[in-house]
Amino acid sequence: MRSFPTSTSPKFPYFLTVFFLFLSTSNSQNFLRRGSSLSVEDDSDILISPDKTFSCGFYGMGQNAYWFSIWFTNSKDRTVVWMANRDRPANGRGSRVSLRRDGAMVLADVDGSIIWETNTSTNARRAELLDTGNLVIKGPGGKILWQSFNFPTDTLLPKQFFTKNTKLIARLHRESFASGYFSFFFDNDNVLRLIYDGPDISSIYWPNPEFDVFQNGRTNYNSSRIAVYDEMGHFISSDQFQFVASDMGSLRIKRRLTMDYDGNLRLYSLNNDTGLWMVSWEALSQLCHVHGICGRNGICVNTPEPKCSCPPGYEITEPGNWNKGCKPSFNETLSQSQQVKFVQLPHVEYWGFDLNYSPSISMDSCMTLCLEDYRCKAFSYRVTEKRLCFTKSVLFNGYQSPSFPANIFLKLPVSVDASELATLTGTDLVCQSAESETIIGPPSMYNINNKKMRWVYLYSFASAIGFIELLFVASGWWFLFRKQGVPNLVEDGYHVILSRFRRFTYAELKKATRNFKEELGRGGSGAVYKGILTDERVVAVKRLENMYQGEDVFWAEMSTIGKINHMNLVRMWGFCSEGKHRLLVYEHMENQSLDKHLFSPKFLEWKDRFGVALGTAKGLAYLHHECLEWVIHCDVKPGNILLDSEFEPKIADFGLAKLSQRGGNSSDFSRIRGTKGYMAPEWATNLPITAKVDVYSYGVVILEIVKGIPVSNWVIEGGEEHESELTRFVKVVKRKIHRGEDSWIEEIVDPRLNGQFSRNQAARIVEIGISCVEEDRNKRPTMDSVVQALLECQDEPKNQFSDSQ
Ligand SMILES: *[C@@H]1O[C@H](CO)[C@@H](O)[C@H](O)[C@H]1NC(C)=O
Ligand SMILES: *[C@@H]1O[C@H](CO)[C@@H](O)[C@H](O)[C@H]1NC(C)=O
Ligand SMILES: *[C@@H]1O[C@H](CO)[C@@H](O)[C@H](O)[C@H]1NC(C)=O
Ligand SMILES: *[C@@H]1O[C@H](CO)[C@@H](O)[C@H](O)[C@H]1NC(C)=O
């Protein structure tokens, strides 16, 4: 864990205080009249509860995603407690929420589509944000017609009733507000429970599923199904479950009960000096008891922080995303004749999904049971007073605990190397890879009343969002304050925020690049130079040109890139902002960009071309979906895809799309970026820009990867005058596929490959490419599904290589 530099932290709250003062003085209205609305562009368009505890308005994340939300005004990370429609963010331009004349409260996107609405009718008078954090729509005489308390997202506030109709659903992961797989709910037998309800499996894990209702201290007789907690921190439920907060007593403490993305349910208290949250109760003391936390086949290990790991013979399905678990690295359809072996995993259990439970049998008999059943993937054998044998059809809810009295025996083909046995090291349960940095507030230890040191979770994700938010604000402020002559405060603010990145001086970078001697390339926003830092790291230094626009671009890059870390995205090491100079320092890529390989005499082999198509798709999918909702690249092209020494692609220049200038008068979102030939048709129309513009550009790139010729040089016979070569190409290929011509793929693939390519993979890439360049963006696939489609044809046996030449 990296610690936050304490020497600089005291400045932080000061900066924040000013920031919040600004917010609270700019608008202290707590209601919205019928016929009026809040606009996404205007930062001061928010409702604030009379005691200022809660704010309600548009909450932004990434570059262009906004949710109509309620949050704690004074928490450092502006913790969100409610969202109107968490699964569909609104555009950062032109979106608004209105209490319409017809009485319905409506959230509309820029194109007028309705993202969310209430069912209230003409007798609605006003929407009001109460001190409790409840947004209510009132009718004549103050009658409540609708209230947000009836539609919680992942958080329950004091005095908010939890009922048979409500559920707290965790977010998907810490970088996303979308509905995830863990939820807190009243089960059909009237008992409060926590469940993992994933795409293919569901499993209840709290209260302890090994015990029955009464052993867990609950009752299932009371069907009123109601629970609530008070401001003092006392929770009671109709199934007789209750708890008190470890800091119970004070009415002044602000609390929230949140179903966290890691599957634990926690009660938090806000420290009003630091703006940070402290855990004052949690449902599970050991995170590894959360089911599904490491996905299918994954094993949770306490080290002591929970980490996920794959057993021998398995590998992580999607690095960085444990929801997807581990996949076998061998062929899962074990044939009858294939030799198998059992590999022991000491003190490991996979909970549930037993094919068979047999008490009092020997280990050999247990092994035979598993051998003879083709469905059996492993067996668990416990030597307690009885000898217990469980055969497993599905490996799920895996965890390792030194005190656990059983071992798992995994059934694996003999050919699998299981030498890494029992070294379950694991990686963090976070969206980013293990080397990632938490920008503010690393998880740390707190001493909670009961004297036990506990792992406390500072909600570092939200801090990271807070970071982005603050940067947005800080950048705006910086411009504002600079003009008014008080720049130091805000400059200090962002020094502190950014202290995680290395901040370079101009002199340092000038020296590293030997006065900007070796130019590596030149893009829309500036030239890139090679440099060597004093610690001998080779870096690429991008010098942003065109100062006026450069500052925007600079901040856009800073706010997004700082948080992004994925193997298929170029990593940023630091930056320089000095006087007029704006420079960015990136890792250096040995093999330069894709165009230098694809369109030159030293062309890429097929295997590398497929790898580049897949890696690029993964990088874009990460930008669009995984870690930061809606980071749109806007300039995907071979020149922006760099290759490392293994020809693994890394996307450069992301985050350069201009910040949506909140409060500005231009209504364009980053028009016009991109490069001719790769730009989606909607750039030329008035449609809002979505991630589908990148899908289009990606489609052009992979078609070029197959053909080996830049799209600008394609010559396709036939077609009409006004049609582009790409349109013509798509038409011709579709016709050939339709006619069932066998050789169509050979005609397309780069002849320089001399027939050395996988027909199947090439055909798949062309199909995907064609669907990506559909005129109608709704017909284009998402980058996530492109990754899936490519993964399906990733491992091709050699003999499928065409030898037709
Ligand atoms: C609106 O929905 C709530 C909750 O679903 C329901 O109780 C209420 O009766 C509905 N009101 C109208 C006017 O349909
Ligand atoms: C059921 O629980 C509710 C809420 O805790 C309580 O008010 C009610 O008296 C209980 N009913 C019975 C029959 O115990
Ligand atoms: C928060 O502030 C109030 C007064 O503004 C104070 O009475 C209370 O003790 C503070 N709570 C904490 C946890 O510091
Ligand atoms: C796995 O093995 C089965 C039987 O040997 C075979 O039919 C199947 O094609 C193999 N699958 C893969 C992906 O190699």
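All ligand and atom numbering here is 1-based and tracks the order in the structure. The analysis underlying the following values was restricted to heavy atoms, covering all of them including side chains, and did not include hydrogens, waters or symmetry mates.
Checked by distance only, ligand 2 and Ser238 stay at 3.5 Å or farther apart across all their nitrogen or oxygen atoms.
Protein heavy atoms all stay at least 4.0 Å away from atom 7 (O) of ligand 2. Less than 4.0 angstrom separates atom 11 (N) of ligand 2 from at least one non-hydrogen atom of the protein.
In summary, of the residues considered (Phe184, Phe149, Phe235), a ring-ring contact (aromatic ring centres under 6.0 Å, His included) with Phe162 occurs for Phe184 alone. Exactly one residue among Tyr399, Trp351, Tyr205 makes a ring-ring contact (aromatic ring centres under 6.0 Å, His included) with His289. That residue is Tyr399.
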Disulfide (SG to SG under 2.5 Å) assessment of Cys308 paired with Cys300: CA-CA 5 Å; Cys308 291; Cys300 186; 5.4 Å; no
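Cation-pi geometry between Arg86 and Trp67 is not met at under 6.0 angstrom from the ring centre and within 45 degrees of the axis. With a 6.0 Å cutoff to the six-membered ring centre and a 45° limit on the axis angle, Arg218 counts as a cation-pi contact of Trp206.
Distances below 4.0 Å separate heavy atoms of Ile226 from the following atoms of ligand 2: 4 (C). In the vicinity of Ser224, heavy-atom distances shorter than 4.0 Å reach the ligand 2 atoms 1 (C), 2 (O), 3 (C).
Nearest residue to atom 13 (C) of ligand 2 from Val228, Ile236, Asn222 is Asn222 (criterion: closest heavy atom).
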